[in-house]
A.B. asks: 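The structure follows.
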Amino acid sequence: MREEFLLDALVDYQIEPEDPTRSIPNPERRALDKEIRTARADLAKLEREYGAAAADNAEQRRSTMRGFKIAHGRLGKRLRTARARVARLFEQRRDVAKRIEVRDLNERAVVKLATERKHLTDIIKMVAYQAESVLVTLLRPSLRPCRSRGANSVA
C-alpha cells in the first residue's frame with residue numbers, strides 16, 4: 001500500500017475544492033511530535049550511557065554519588081541539557097492545536113480529487129493489496145528464507 005504510483009492521478013485529473021471547515025491534523029504539531037520523538041531518543045541514549053557509567057563505577061575509586069557526578073560532569077551536563085530540551089518541546093507543543101481547519105493552512109488553496117473516482121481508485125488499491133497478501137501467503141512455504149535479512153524474510 002505504500003507504493004501507490006499515483007494511480008489516482010492516472011484515473012482522473014479532475015479536482016474539487018476542499019471543504020474549508022474540515023478539520024485536519026495540524027502539520028505544525030506533527031513536526032513538533034517528530035522533533036519530540038528525536039529528542040526523547042537522544043535523551044534515552046544519554047540515560048543509558050549515564051546508567052552504564054554508574055554500573056561500572058568502581059566503589060573504591062568513587063564511593064559517593066558526589067564523586068561520581070564530578071567524574072562524569074560532562075555527561076551529566078549533556079543529560080540535563082537533553083531533559084531541558086524535551087521539557088521545552090513539550091511546553092511548546094502544549095500551545096499548538098491538535099487539529100486545524102483547512103482554511104487555516106498558510107499554503108495555497110487545498111483541493112482534493114473527485115470523490116467518486118477517489119473511492120473507486122481506493123477500492124482498486126485495497127483489492128490489489130489484498131491479492132498481493134494472499135499470493136505471498138500461498139507462496140511463503142515454497143520460498144526459502146534469506147539469511148541476511150532475518151528468519152522471517154523471504155528471498
Side-chain angles (χ1 to χ4, degrees), residues 1-58 62 64-134 136-137 146 148-154:
M1 280 303 277
R2 278 188 244 152
E3 302 294 334
E4 294 183 27
F5 302 107
L6 288 175
L7 182 62
D8 300 329
L10 291 174
V11 172
D12 189 12
Y13 292 109
Q14 186 177 8
I15 55 175
E16 300 174 350
E18 181 62 270
D19 176 16
T21 61
R22 184 171 73 93
S23 172
I24 60 170
N26 190 343
E28 185 180 337
R29 187 175 176 103
R30 188 178 307 141
L32 278 171
D33 285 341
K34 183 178 180 182
E35 198 171 340
I36 286 172
R37 276 192 303 276
T38 303
R40 289 176 99 180
D42 293 342
L43 175 61
K45 180 182 174 197
L46 287 170
E47 286 174 339
R48 282 192 303 273
E49 283 181 42
Y50 200 74
D56 294 339
N57 183 37
R62 288 182 290 275
T64 64
M65 191 61 184
R66 184 169 186 261
F68 174 80
K69 286 182 175 182
I70 291 170
H72 296 284
R74 195 173 297 147
L75 183 58
K77 184 176 181 180
R78 288 176 40 212
L79 184 61
R80 287 188 297 279
T81 303
R83 283 183 177 159
R85 179 176 178 232
V86 169
R88 188 177 61 252
L89 286 170
F90 271 110
E91 192 68 33
Q92 189 178 353
R93 186 180 71 173
R94 187 178 304 147
D95 298 334
V96 177
K98 287 184 180 180
R99 299 184 71 81
I100 60 172
E101 291 183 349
V102 169
R103 67 175 156 223
D104 294 335
L105 291 175
N106 293 334
E107 300 164 12
R108 57 186 167 79
V110 178
V111 294
K112 63 180 182 178
L113 293 173
T115 306
E116 290 96 17
R117 293 197 174 117
K118 175 74 172 131
H119 289 310
L120 177 65
T121 56
D122 286 347
I123 289 170
I124 291 169
K125 286 187 279 187
M126 285 188 294
V127 169
Y129 177 74
Q130 194 172 18
E132 180 184 28
S133 298
V134 169
V136 167
T137 304
C146 180
S148 64
R149 288 191 234 151
N152 293 336
S153 300
V154 291

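Numbers here simply count residues along the sequence, with the first being 1.
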A.B. asks: From R99 CZ over to I24 CD1, what is the distance, rounded to the nearest 0.5 angstrom?
C.D. replies: 8.0 Å
A.B. asks: Hey, does the side chain of R93 reach the backbone of L32 with a donor-acceptor pair shorter than 3.5 angstrom?
C.D. replies: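 Side chain of R93 to backbone of L32, a donor-acceptor pair under 3.5 Å: no, none is there.
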A.B. asks: Rounded to the nearest 0.5 Å, what separates atom CZ in R80 from atom CG in L46?
C.D. replies: 11.5 Å
A.B. asks: Going by heavy atoms in the side chains, are Q92 and E35 under 4.5 Å from each other?
C.D. replies: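 Answer no - side chains too far apart.
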A.B. asks: Enter the distance from I100:CD1 to R22:CZ here, rounded to the nearest 0.5 Å.
C.D. replies: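 Rounded to the nearest 0.5 Å, the CD1-CZ separation comes to 11.0 Å.
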A.B. asks: Is the shortest side-chain heavy-atom distance between D42 and R85 below 4.5 Å?
C.D. replies: yes
A.B. asks: Rounded to the nearest 0.5 Å, what separation is found between the CG atom of L89 and the NZ atom of K34?
C.D. replies: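 One finds 14.0 Å between CG of L89 and NZ of K34.
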A.B. asks: Return the set of residues passing side-chain contact (heavy atoms from CB on, under 4.5 Å) with R83 (not counting sequence neighbours), or none when no residue passes.
C.D. replies: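 Scan of R83 (side-chain contact (heavy atoms from CB on, under 4.5 Å), adjacent residues dropped) gives L43, E47, L79.
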A.B. asks: Above 12 or not: heavy atoms from other molecules or residues under 6.0 Å from CZ of R29?
C.D. replies: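 Check passes, neighbour count above 12.
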A.B. asks: Could you walk me through whether R94 and E91 satisfy the salt bridge (Lys or Arg N to Asp or Glu O under 4.0 Å) test, starting with their C-alpha distance in whole Å, then the side-chain angles of each, then the deciding distance to 0.1 Å, before giving a yes or no?
C.D. replies: CA-CA 5 Å; R94 187 178 304 147; E91 192 68 33; 3.0 Å; yes
A.B. asks: Give a yes or no on whether a salt bridge exists between K125 and D122, defined as a side-chain N under 4.0 angstrom from a carboxylate O.
C.D. replies: yes
A.B. asks: For I36 and F90, work out which heavy atoms get closest and say how close.
C.D. replies: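 For I36 and F90, the tightest heavy-atom pair comes out as CG2-CZ, 3.9 Å.
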A.B. asks: Taking atom CD of E101 as the centre, does the number of heavy atoms from other residues, nucleotides or ligands within less than 6.0 Å exceed 12?
C.D. replies: yes
